[in-house]
Protein chains: 2
Amino acid sequence: MGITKSDLFTRQQNELANMAKAIAHPARIAILQHLIKKNACITGDLVEELGLAQATTSQHLKELKNAGIIQGSIEGASVCYCIDPKVWKQYNTVFNMFFKEVKNNGSSCC
Amino acid sequence: MGITKSDLFTRQQNELANMAKAIAHPARIAILQHLIKKNACITGDLVEELGLAQATTSQHLKELKNAGIIQGSIEGASVCYCIDPKVWKQYNTVFNMFFKEVKNNGSSCC
DNA sequence: AAATATTATCGTAATATTGCGATATGGGAA
DNA sequence: TTCCCATATCGCAATATTACGATAATATTT
């Protein structure tokens with residue numbers, strides 16, 4: 001199996017899970033943090049920064065792009081990546097909403 | 001190779017990635033949401049709620065327990081699970097800190 | 001003690017992810 | 001055009017995740 005039974009869950013649950021998956025790798029977090037710090041940068045810089053092979057870095061960038069968190073624009077022979085502030089904000093909101101659900105009534109267990 | 005090169009990244013990056021991984025599955029999100037809603041409940045209820053096999057549900061519970069988000073206490077022949085409010089709050093804080101990093105200066109790309 | 005109920009663990013199969021070398025693709029320079 | 005440079009994609013190997021039936025472990029009931 002190894003395949004997630006998405007049909008058992010709500011759209012909201014699947015979406016949140018996918019959003020979490022997008023950032024569920026240290027390399028992708030490192031990419032995002034570097035993009036935040038530098039505001040924007042090209043693939044080559046990220047390859048150096050991460051210490052992973054160029055192919056691997058490119059793959060992680062693709063996943064982040066698929067998730068919509070980053071966008072890439074062609075800059076001559078290079079590609080310049082940056083965070084999409086709108087999607088980023090949406091991520092922040094969705095995660096916040098999820099974590100806000102707990103009403104902290106002291107010790108809650110049985 | 002399929003193995004994450006954790007040594008290339010900071011402890012903070014690896015931790016955040018692991019926290020994201022813990023909630024990166026709709027079944028685990030469904031479990032957490034149900035625990036929030038009912039405050040606490042036993043494995044059997046969760047098996048019914050999810051529609052996954054008992055073994056699979058138990059496995060997801062184990063992962064959430066390993067992540068520290070939930071705790072289980074033996075209740076006769078059953079096990080009663082609930083959210084650990086302290087860890088939950090910590091998750092909220094860590095994700096918030098991460099998403100807060102972006103200074104929204106309009107259009108940021110190259 | 002024996003039967004039943006509840007949950008965890010084991011073993012296994014299917015699929016997904018991670019990583020990299022090799023190769024393709026497309027732009028800029030000679 | 002031909003030669004580089006930067007990046008993406010392909011193909012493959014190793015490992016991880018997801019799922020479930022079968023079984024083990026433990027508590028309760030009969």
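Every chain is numbered from 1 and lettered A, B, ... according to where its sequence line falls, protein lines coming before strand lines. Since this is a predicted model, take the numbers as computed values, not measurements.
Under the 3.5 Å distance criterion, the side-chain polar atoms of B:Arg28 are matched with a main-chain donor or acceptor of B:Lys21. Judged purely by atom type and a 3.5 angstrom limit, A:Ser58 has no side-chain atom pairing as donor or acceptor with the backbone of A:Gln54. A side-chain donor-acceptor contact under 3.5 Å links B:Asn14 to the backbone of B:Ser6.
OP1 or OP2 of D:dA19 sits under 4.0 Å from a side-chain N or O of B:His60. For B:Thr56, a side-chain nitrogen or oxygen approaches OP1 or OP2 of D:dC20 to under 4.0 Å. Close to C:dT17, at under 4.0 Å from its OP1 or OP2, lies no side-chain N or O of B:Lys21. Phosphate proximity of C:dA8 to B:Tyr81: present, with a side-chain N or O under 4.0 Å from OP1 or OP2.
Among the heavy atoms of the strands lying under 4.0 Å from B:Ser78 are primed sugar atoms or P, OP1, OP2 only; no base atom is included. At the heavy-atom level, A:Ser58 lies under 4.0 Å from base atoms of the strands shown. A:Ala53 comes within 4.0 angstrom of sugar-phosphate atoms only, judged by non-hydrogen atoms across all strands, and of no base. Using a 4.0 Å heavy-atom cutoff across all strands shown, A:Thr43 reaches sugar-phosphate atoms only and no base atom.
Mapping A:Ala24 and B:Lys62 onto DNA chain C via the closest heavy atom, the residue that lands nearer the 5' end is B:Lys62. In terms of position along DNA chain C, the nucleotide closest to B:Leu61 lies nearer the 5' end than the nucleotide closest to the other residue of the pair A:His25 and B:Leu61. Map B:Gln59 and A:Cys80 each onto its nearest nucleotide of DNA chain D; the residue landing nearer the 5' end is A:Cys80. Annotation: of the two residues near DNA chain D, A:Ala55 and B:Arg28, the 5′-most nearest-nucleotide partner is A:Ala55.
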side-chain contact (heavy atoms from CB on, under 4.5 Å) for A:Ile70 and A:Lys65? Distances and angles first, verdict last.
CA-CA 5 Å; A:Ile70 66 172; A:Lys65 209 166 52 183; 4.3 Å; yes
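Atom C1' of nucleotide D:dT18 and atom CG of B:Asn66 are separated by 16 Å, given to the nearest angstrom. Atom CG in B:Leu64 sits about 14 Å away from atom C1' in D:dT17, given to the nearest Å. To the nearest angstrom, P of C:dG19 lies 15 Å from CG of A:Leu46. The distance from atom CD1 of A:Ile23 to atom P of C:dT18 is 13 Å, rounded to the nearest whole Å. C:dA16 atom C1' lies 10 Å from atom CD of A:Glu63, rounded to whole Å.
The side-chain contact (heavy atoms from CB on, under 4.5 Å) with A:Phe99 is formed by just one residue from the set B:Val94, B:Asn92, B:Asn96; it is B:Asn92. Partner A:Ile83 forms a side-chain contact (heavy atoms from CB on, under 4.5 Å) with one of A:Leu35, A:Ile31, A:Asn39 and no other, that one being A:Leu35.
B:Met19 and B:Ile23 fall within a single hydrophobic cluster, where Ile, Leu, Val, Met, Phe, Trp and Tyr side chains are chained together by heavy-atom contacts under 4.5 Å.
Taking each heavy atom of B:Leu52 and B:His60 in turn, the nearest pair found is CD1-CD2, 4.2 Å. For the pair A:Cys41 and A:His34, the tightest heavy-atom approach, listed with the atom from each and the gap, is SG-ND1, 3.7 Å.
Residues of residues 5-20 of chain A that place a heavy atom closer than 4.0 Å to DNA chain C do not occur.
Around the CD atom of B:Gln12, the shell of radius 6.0 Å holds no more than 12 heavy atoms that belong to other residues, nucleotides or ligands.
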Where protein sits on nucleotides 23-30 of chain D, one letter per nucleotide: B base, S sugar-phosphate only, - none, heavy atoms under 4.0 Å:
----SS--
